[in-house]
Protein chains: 2
Amino acid sequence: MTHRMARVSTIQDVARLAGVSPTTAKRALREADKLTPETLARVQAAIEALHYEPDQRAGGLRGGQSQTVGLVLGSIVEPFFAQFARTAARTLNRAGYTLIITENEYSAAREVEELRRLYGQRVAAIMIRAGYGPESREYLARMVARGVVVVEFDYTSPNSPYTHVMLNNAAAMYSAVAYVHRLGHRRVAALGTYHPSIHPEERSRAFPEAMNAHGLTVPPEYQRVTLLTEDTAYRLTHDLMSLPAPPTALIALAGTQAVGAYRALRERELHIPGDVSLLTFDNYPWTALVEPPITVIEQPVEAMAEATALKIIAALEGGSTGESITFPGKLIERGSCGPPKPD
Amino acid sequence: MTHRMARVSTIQDVARLAGVSPTTAKRALREADKLTPETLARVQAAIEALHYEPDQRAGGLRGGQSQTVGLVLGSIVEPFFAQFARTAARTLNRAGYTLIITENEYSAAREVEELRRLYGQRVAAIMIRAGYGPESREYLARMVARGVVVVEFDYTSPNSPYTHVMLNNAAAMYSAVAYVHRLGHRRVAALGTYHPSIHPEERSRAFPEAMNAHGLTVPPEYQRVTLLTEDTAYRLTHDLMSLPAPPTALIALAGTQAVGAYRALRERELHIPGDVSLLTFDNYPWTALVEPPITVIEQPVEAMAEATALKIIAALEGGSTGESITFPGKLIERGSCGPPKPD
DNA sequence: TGGTTCAATGATCTCGTGACCATTGGCGTA
DNA sequence: TACGCCAATGGTCACGAGATCATTGAACCA
């Protein structure tokens with residue numbers, strides 16, 4: 001296979017073959033009822049014969065925007081996001097939109113180039129899990145000023161002006177802390193501490209608040225600002241368990257973190273939940289396979305993805321994105337949490 | 001946020017602000033050396049002031065094709081594919097292309113609609129993990145006739161005319177069978193049997209051949225045509241282990257299958273590897289966390305993705321896709337395989 | 001000094017579709 | 001019968017960038 005001889009048929013070719021004007025041929029696609037049955041049949045036959053497919057780019061050129069929507073994920077290899085993308089794509093496809101999936105790797109700086117690419121395609125809307133940092137804020141605002149619809153999901157940056165679809169992270173974290181507190185834990189650590197610019201996550205912000213609500217405090221030596229990666233969770237777990245007074249319960253903020261935490265605990269030959277309890281966000285299949293199976297907070301991924309996509313569609317069809325929505329997390333008790341070892 | 005007042009700046013606006021003709025303004029982007037330094041500076045200042053971004057769709061209109069490449073995955077929630085997408089996107093982005101990621105859920109029928117969508121965007125090329133079945137073959141051929149570059153990866157349909165990038169599945173399967181044979185296993189089952197249209201996979205085809213090469217045969221009751229999903233693997237494992245003479249070793253054909261198989265074995269309270277050995281394709285993080293950790297065949301995902309993307313780029317820059325490539329799998333011995341229990 | 005050359009800049013056409021306006025002709029009604 | 005209406009169809013332009021050809025003017029050389 002060397003090179004190509006593109007000869008793509010256009011609506012003009014269809015019209016010529018059918019013996020009608022291009023305008024009439026186009027109507028066969030969008031306003032079929034305005035044509036005589038015979039004319040319609042002739043045009044459809046021509047479309048079939050030439051295997052004509054409209055060029056989506058040309059149409060959008062006129063109106064300025066396309067039938068294309070951008071999706072900016074935190075990380076495409078995080079199953080939560082992959083599943084989100086699947087459901088969002090299905091919903092948008094049904095409504096006639098094409099989804100362009102990208103990732104920002106949790107960084108606003110990295111995100112700018114993706115936004116630029118999406119804007120180059122003149123996407124009509126963007127579903128975004130914004131990255132950390134201020135670098136992309138101005139660019140995003142400019143896109144909105146140019147008519148691009150924006151909806152945030154999974155995370156909303158502080159003072160964000162955009163509608164969002166999220167987990168009720170505060171309530172989920174509260175239920176997690178309440179659960180381990182009920183089991184008797186007093187020294188609890190989350191695998192990540194709130195930081196206004198590096199890690200401005202709701203989950204890490206809600207953790208000390210939930211602790212306080214149970215009359216507990218998070219010791220300073222448990223507090224470390226991290227990212228949502230396996231690696232940082234692995235190192236942080238090792239560090240925490242090396243402390244003179246290590247936590248008796250760990251809360252991972254995302255499924256990928258749980259992998260790192262679990263690996264570190266295994267390396268230290270700590271028994272779960274005998275020596276330390278473990279709880280994580282995201283109900284991934286493997287969490288039920290390890291021994292003991294891990295207690296998790298499940299997110300309604302599909303419902304969240306569909307809600308986000310529907311907001312986009314509503315806004316594009318002339319309405320608005322509407323109010324922000326939160327979904328409840330669900331604590332699924334398995335075997336990785338138990339009473340703490342007496343000191 | 002209600003509705004929009006799109007006023008997007010074009011190269012015309014830039015030209016007007018800079019006091020030059022549109023043609024000159026355009027040259028500031030692609031042939032900057034043809035402009036006087038002063039003119040260039042004026043145009044660049046105007047671009048900066050208006051935050052001008054070229055519309056990628058308009059340019060492609062002229063030449064017929066775009067700077068866009070389609071990627072058709074088997075399943076976006078399979079980590080192998082997600083990682084493949086990440087690496088492919090990075091490689092293509094560096095070369096100035098935008099990647100549109102889609103999935104066919106292993107079905108050629110489902111695939112046709114994705115191909116149609118991609119062709120609607122007039123993608124210049126497609127990287128595809130073709131689905132099972134004949135439904136999309138004709139459509140794909142038509143796209144090629146219209147100048148779209150096609151490269152297959154991970155799987156190639158029988159008699160496929162396209163260049164492909166794949167794992168050396170036959171060799172990988174041979175090494176897997178050799179390994180369990182060396183441990184003493186004689187009753188071995190793969191979680192899926194070759195079928196020319198339902199499951200025309202190299203791995204399932206290579207399995208009985210590898211068995212024969214070791215003087216073994218696959219009993220008919222072990223042979224079941226399945227899909228690469230967790231669910232089917234789960235059911236098939238239950239069925240196999242219920243047989244009067246169950247296999248002493250199981251080989252899962254993909255990481256997702258391993259989840260289902262592992263779950264079924266746990267439910268039956270079978271000890272790994274004491275009662276049954278397990279081996280799977282795809283070195284996913286969780287496979288090292290379960291007890292015992294699972295022996296896997298690792299695929300060089302990133303190298304494969306990059307190779308596929310580079311073939312696309314080569315073909316688009318005027319060359320050809322070149323020869324098909326295969327990559328070797330790597331057997332990583334962990335604890336899930338051991339000698340079989342004596343009968 | 002007239003002609004040549006070339007760097008710098010500009011004008012115009014093209015791509016494929018959607019939006020909008022124009023034309024045709026048949027039929028009903030006063 | 002003349003007028004108006006409307007269904008059916010056609011003509012034309014805009015969208016935004018790339019490609020190609022055209023123009024300007026200054027420098028250079030014989």
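To find a chain, count down the sequence lines: A is the first, B the second, and so on, and within it residues start at 1.
Residue A/Arg122 contributes atom CZ, which lies 8 Å from atom P of D/dG16 at whole-angstrom precision. Between the P atom of D/dG18 and the CG atom of B/Leu61 lies a distance of 11 Å, rounded to the nearest Å. B/Gln56 has its CD atom 9 Å from the P atom of D/dA17, to the nearest Å. Across the protein-nucleic acid pair, A/Asp55 atom CG and D/dG16 atom P stand 16 Å apart, rounded to whole Å. Rounded to whole angstrom, the span from the CZ atom of A/Arg30 across to the C1' atom of D/dT9 amounts to 18 Å. Counting to the nearest Å, the P atom of D/dG10 and the CD atom of A/Glu31 are 14 Å from each other. Taking atom CZ of A/Arg16 as the reference point, atom C1' of C/dG16 lies 13 Å away to the nearest angstrom. Straight-line distance from the CD atom of B/Gln67 to the C1' atom of D/dG18: 12 Å, rounded to whole Å.
With hydrogens and angles disregarded, no donor-acceptor distance shorter than 3.5 Å links the side chain of B/Lys26 to the backbone of B/Glu31.
Applying the ring pair (Phe, Tyr, Trp, His ring centres under 6.0 Å) rule to pairs touching residues 69-126 of chain A yields A/Phe84-A/Phe153, sequence neighbours excluded. The salt bridge (charged side-chain N to carboxylate O under 4.0 Å, His left out) pairs that include a residue from residues 75-84 of chain B number zero, where partners must be two or more places apart or lie in different chains.
A rotation axis mapping the C1' atoms of four pairs onto the next four is fitted at both ends of the helix from C/dT1-D/dA30 to C/dA30-D/dT1 over five pairs, and the angle between these axes is 60° to 10 degrees.
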Would you tabulate the pairs of protein nitrogen or oxygen atoms and nucleotide nitrogen or oxygen atoms of nucleotides 5-11 of chain C closer than 3.5 angstrom?
from	atom 1	to	atom 2	distance (Å)
C/dA8	O3'	B/Thr36	OG1	3.3
C/dT9	OP1	B/Thr36	OG1	3.4
C/dT9	OP1	B/Thr39	OG1	2.6
C/dT9	OP2	B/Thr36	N	3.2
C/dT9	O4	B/Arg27	NH2	3.4
C/dG10	OP2	B/Ser21	N	2.8
C/dG10	OP2	B/Ser21	OG	3.1
C/dG10	OP2	B/Thr24	OG1	2.6
C/dG10	O5'	B/Ser21	OG	3.4
C/dG10	N7	B/Arg27	NH2	3.0
C/dG10	O6	B/Arg27	NH2	3.3
C/dA11	N7	B/Thr23	OG1	3.0
C/dA11	N6	B/Thr23	OG1	2.9

Check residues 85-93 of chain B and write down every donor-acceptor pair under 3.5 Å in which the side-chain atom is one partner and the other belongs to a residue at least two apart or another chain.
from	atom 1	to	atom 2	distance (Å)
B/Arg86	NE	A/Glu103	OE1	3.4
B/Arg86	NE	A/Glu103	OE2	2.8
B/Arg86	NH2	A/Ser75	OG	3.1
B/Arg86	NH2	A/Glu103	OE1	2.7
B/Thr87	OG1	B/Gln83	O	3.3
B/Arg90	NH2	A/Glu105	OE1	3.0
B/Arg90	NH2	A/Glu105	OE2	3.2
B/Thr91	OG1	B/Thr87	O	3.0
B/Asn93	ND2	B/Ala89	O	3.2

Which pairs of donor and acceptor atoms, one on a side chain in residues 43-58 of chain A, lie under 3.5 Å apart (sequence neighbours left out)?
from	atom 1	to	atom 2	distance (Å)
A/His51	ND1	B/Arg142	NH1	3.3
A/His51	ND1	B/Arg142	NH2	3.4
A/His51	NE2	B/Arg142	NH1	3.2
A/Glu53	OE2	B/Arg116	NH1	2.7
A/Glu53	OE2	B/Tyr139	OH	3.0
A/Asp55	OD1	A/Arg57	N	2.8
A/Asp55	OD1	A/Arg57	NE	3.1
A/Asp55	OD2	A/Arg57	NE	3.4
A/Asp55	OD2	A/Arg57	NH2	2.8
A/Arg57	NH2	B/Gly64	O	2.9

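Taking the side chain to side chain contact (heavy atoms under 4.5 Å, CB included) definition, one finds that B/Ala303 meets it with B/Pro300, B/Phe327, sequence neighbours left out. Residues satisfying the salt bridge (Lys or Arg N to Asp or Glu O under 4.0 Å) test with B/Glu302, not counting sequence neighbours, are none. In this structure, the side chain to side chain contact (heavy atoms under 4.5 Å, CB included) partners of B/Ser197, at least two apart in sequence or on a different chain, are B/His195.
A salt bridge links A/Glu113 with A/Arg117: the distance from a Lys NZ or Arg NE/NH1/NH2 to an Asp or Glu carboxylate oxygen falls below 4.0 Å.
One finds no side-chain N or O of B/Arg57 lying less than 4.0 angstrom from the OP1 or OP2 phosphate oxygen of D/dA17.
In this structure, the nucleotide among D/dG18, D/dG16, C/dT17 sitting nearest to the side chain of B/Arg62 is D/dG18.
Using a 4.0 Å heavy-atom cutoff across all strands shown, A/Gln12 reaches at least one base atom of the nucleic acid.
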